[in-house]
Structure formats: C-alpha cells, structure tokens
There are 2 protein chains.
Amino acid sequence: MKNLVDILELGGSAGPPTERMLQILTEACRLFATRGFDGVSVRDIAQECGISKATLYHHFPDKDAILRPLVMGITRSLHQRVLGAIRPEADPAEKLRAFMMESARFFEEYRWAFIVSSTVFWTDPQARQRRQRIEWRDRHEALLRGILEEGIRSGAFRIADIGMAGRLVLGALNWMPKWYDPKGPLPASAIAEQFCGMLLAGLEATPGAAAL
Amino acid sequence: MKNLVDILELGGSAGPPTERMLQILTEACRLFATRGFDGVSVRDIAQECGISKATLYHHFPDKDAILRPLVMGITRSLHQRVLGAIRPEADPAEKLRAFMMESARFFEEYRWAFIVSSTVFWTDPQARQRRQRIEWRDRHEALLRGILEEGIRSGAFRIADIGMAGRLVLGALNWMPKWYDPKGPLPASAIAEQFCGMLLAGLEATPGAAAL
DNA sequence: ATGGCCCGACCGATCGGTCGGTCAGTCGAG
DNA sequence: CTCGACTGACCGACCGATCGGTCGGGCCAT
C-alpha cells in the first residue's frame, strides 16, 4: 500500500502526522480491514506497532480518532483522484472507462483503507462526520451520473434509468474488494477495464454475430 | 421477511425449532444485519425477545449457534432456489435473467438473513462449517458459469473471460443490499431485471443508433 | 530540568457464558 | 381425586476475561 499520508484527513488544526502516528494508522487500517472495527482492540493495534496501549493513547485521543481520518480521507481522495483522471474533452465511453479504471487503481493502491471505508461507511452508527462523508459520496455519484447523462445526450449511450446504470457500475467496482487477490495475474485496473468493456458492449452477441 | 423456518439449517439431529427459538433467530438476524455480529450482544438479543439472557442460553448453547443456522441456511437455500427457477430448456439469456431475478427475489424475501450471510461470509475467522458454506457457494458460481458457457457455445453471448463476467453479474447482485430500499418504488426483482437487460445489451448505443 | 515519548498498572463497564433456583404444567401411583 | 416426582421454560445474580480509556512516573535528548 502506498503511503497513507497522501490521503489522510487529519483534524483541521493539526500539523502533519508524525512517523509514529502514521505507523499506527497504517497498522490499524490493515487490522480494521481484515477483522472489522469492533473486531480489533486497541491492544491489538498497539501490539502490532510494538508499543504499549498507553503510548497509543498518547498519539490519539480515542479509538475513533484512528478510524476517522482513514474513512474521511478515502472518501474524499477517491473522488478527487477519479475526478482528476477524467479528461473533460474525452467522449463519454472514454470517461466511463477512466472513471472505472482510476477507481480500481485507487483501490489497489490503498486497498486496506478502501476496504475499511467501504465497510464502515454503511454500518457506522456515528452520525459524526457522516454528513461530510455523504457529501463526498454524493459528489462522486454525481460525477458518474454526469458521465452517463452526457453519453445519453450525445447518443453514445442507450440507458433507460441512469440511477440503475450508475448502481450497476458502482456495484461492480465496490464488490471487487471481496474477491480481488493482489497476488493474482491481473492488476485491478485491468479488471476494471474488462468490466467497462463488458458493460459498454454487453454480454449478448450482436444479432448479426448470433447468426454464426 | 418470510418465515425463517423455511431456510434454516439446524443441527442434523435436532427436531424442528420451537416458536421461541424461531423468535430468537429472527430478532438476532435483524440485529446482526444492521449492527454486525460483534456489534450485537447476547443481552441485546434477549432484550429484543423480551426474555432474559439466561433463557436465551437455555435454547442455544452459545452465540455462534444463533449465527450458524442463518448463514448456512441462506447459502444453501439461495442456490437451491435459483437452481429451481431456471428452466433447463430456456435459452442462455433467459437463464441468466432467471438467475438474477430469482436471486433478487430471494434477497427481498430474506433480506436480513441475506445481509448477515453476505457480510459474515467474508469476515468469519471460524473455519468451522466454512468448508460446507464454500461448497454451496462454489456450486452457485458454477451454475452461473454454466449459463455463461452455454451462451458462448450457442453463440448467444460474446464473452472474453467467463470468470470476469460472472463476477460482474454477482457484483451487481451482491451490492444491492447496500443501497436497496424495501420501501422504494421498485421491487428487487424489477431492479435485477433492469440490471440483466443492461448487462446483456450493454450501455453503449449500437453503432447505427450512435449516428443519430 | 524540562518536555516529548513511552510504559506498567489500573479503572469501570461490558462482554460471553454459568450458576442455583423458581414456577407452572404433566403424569403415574396410591 | 390427590399427591409427589419430574420436566422444560424461565430468571436474577454472578463469573473471569476483555473492552476502551486513564494515571503517575521513568527515560532521554535538548
């Protein structure tokens, strides 16, 4: 996983995170992703970092403060990265392709954080920071919707329900963490490209080809 | 949610579950789905049922014994239901449609249990019963793969990678629980039908239509 | 000697699970 | 019919373990 420092969303007034804070966040992130937030104790995190629990609390006020920057940072960074990867002058199919491939690349780079964010997002009872997270997600979904709408207007896409098409695309991407194996033969971006190709062209052979 | 008794996988020698056991399983299932297995205490379940924790332990030997029949039952029942909904004489597209729609119908009927199963499946550290569950899942994936292969052989489908296509289909279905609203306008089966239509035909307009 | 980093020991709360015992119903012997 | 034995459902109280979090003090470079 690439350095978490690039995507973290620390508290507004705090400076850059120290090396120790970064280590704690990194280890905690991996543990949260594999065993869930409730399934990981603060002792586990401290042990994994080779420090005592008290020391961990010297760097973070509470357990939530470890989770928060991860979830917020991922939600925001994903959108910003994908947004930046879409060339405005590209045609809709190319934009959709960029959307999916950059999402997959992001997932591959920040795999643990991505998993943490996507699992916590839907189960977090905490209303705190939830609105802000939902804002970023809405912006992200709006970006995808915009691409689809543009495709419809230009005649490139033939879509009955934009919301449904968007959920189909996001479902394919968001489900990837469940089965993706980083040691597998294909990088995530190649998988996303295949997905995009199938989504655009459809699984069904064209009527002409069906006659073969 | 329909009666859980139809899908439960109780221990081999045990008789049919009593009314009380069914109540416990039903309430626990809903709680597990909304707050996760670790997020629900045995006290919570007992309280929701209006009984004491000791009474709950009179009916179940431990907390796992409440979760187990839910997860196993869903994994097995889903496959059997979908398998039964596919007419052998139908063409591949129709079979894929039946596969997706019946999956969605099953999800809608046993929504909480479905969510519990799909979340527990991937995070459960317990190796116990895991092999049996994976067997059913593999059979389920093989069923889908068989449909896709048949479509390729008959010329109905044009698919480069069957595994990828299968994951695309399952991703769309398995992601539904995250956003589906049972009070929404569309039943899950209608959504699955739309998904199937988009997957088969593709989002891209045919070259001819693109010229419009 | 002072402040940042770190620690062992400890806190109250809550976890999954167990304990002895109550109570209503059932059933067979007298 | 009645009475004791027995049973299954139920409960409050309790257990050791672990949870998130705190505290006072040690170490060490400035």
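Throughout, protein chains are lettered first and strands after them, A, B, ... in sequence-line order, and every chain is numbered starting at 1.
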request  = Could you give me the CA-CA distance, side-chain angles and deciding distance for B/L173 and B/F99, then say whether side-chain contact (heavy atoms from CB on, under 4.5 Å) is met?
outcome  = CA-CA 10 Å; B/L173 291 174; B/F99 182 98; 4.1 Å; yes
task = Using a 4.0 Å heavy-atom cut-off across all strands, classify A/R20 as base, sugar-phosphate, or nothing.
result =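 Sugar-phosphate, backbone atoms only, no base.
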query = With sugar-phosphate meaning primed atoms plus P, OP1 and OP2, does A/S52 contact a base, only sugar-phosphate, or nothing at under 4.0 Å between heavy atoms?
reply =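 If one applies the 4.0 Å heavy-atom cut-off, A/S52 turns out to touch a base.
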d(CD1, B/I24; C1', D/dA9) in whole Å =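 B/I24 atom CD1 is separated from D/dA9 atom C1' by 11 Å.
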query = Just how far, in rounded Å, is P of D/dA9 from OH of B/Y57?
reply =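 Interatomic distance, OH of B/Y57 to P of D/dA9: 18 Å.
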request  = Evaluate the criterion side-chain contact (heavy atoms from CB on, under 4.5 Å) for residue pair B/R20 and B/H58; output intermediate values, then yes/no.
outcome  = CA-CA 11 Å; B/R20 184 63 89 188; B/H58 173 74; over 6 Å; no
ask   = Charged N to carboxylate O below 4.0 Å: is that the case for A/E150 and A/R153?
value =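 No.
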key: First encountered from the 5' end of DNA chain D, between A/K63 and B/I51   =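 Result: B/I51.
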Given DNA chain D, 5'-ward residue of the pair A/P61 and A/D44, judged by closest heavy atom =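 Result: A/D44.
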List the atom pairs, donor and acceptor, that lie under 3.5 Å between side-chain atoms in residues 185-201 of chain B and the rest of the protein, sequence neighbours left out.
residue	atom	partner	partner atom	Å
B/E193	OE2	B/R97	NH1	2.8
B/E193	OE2	B/R97	NH2	2.6

When you measure from the side chain of [X] to the backbone N and O of [Y], does any donor-acceptor pair fall under 3.5 Å?
X	Y	value
B/K63	B/F37	yes
B/Q23	B/C49	yes
A/S77	A/I74	no
B/K95	B/G146	no

task = Give me the bend of the helix from C/dA1-D/dT30 to C/dG30-D/dC1, using the axes of the five pairs at each end, rounded to 10°.
result =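 The angle, to the nearest 10 degrees, is 20°.
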ask   = ring-ring contact (aromatic ring centres under 6.0 Å, His included) with B/H59: which residues, sequence neighbours excluded?
value =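 Result, ring-ring contact (aromatic ring centres under 6.0 Å, His included) vs B/H59: none returned.
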inquiry  = Reading DNA chain C from 5' to 3', where do the contacts with chain B start and stop? Cut-off is 4.0 Å to heavy atoms.
reply    =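 Both ends considered, the range comes out as C/dC15 to C/dC19.
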note = Per-nt protein contacts along nucleotides 23-30 of chain D (heavy atom under 4.0 Å; B base, S backbone sugar-phosphate only, - none) come out as B-------
key: Short side-chain donor-acceptor distance under 3.5 Å, B/Q80 and B/R76   =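 Yes, because at least one side-chain N or O of B/R76 sits under 3.5 Å from a partner of the opposite role on B/Q80.
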Kindly list each side-chain donor-acceptor pair under 3.5 angstrom involving residues 134-143 of chain A, sequence neighbours excluded, with atom names and distances?
residue	atom	partner	partner atom	Å
A/E135	OE1	A/R139	NH2	3.4
A/H140	ND1	A/H79	ND1	3.3

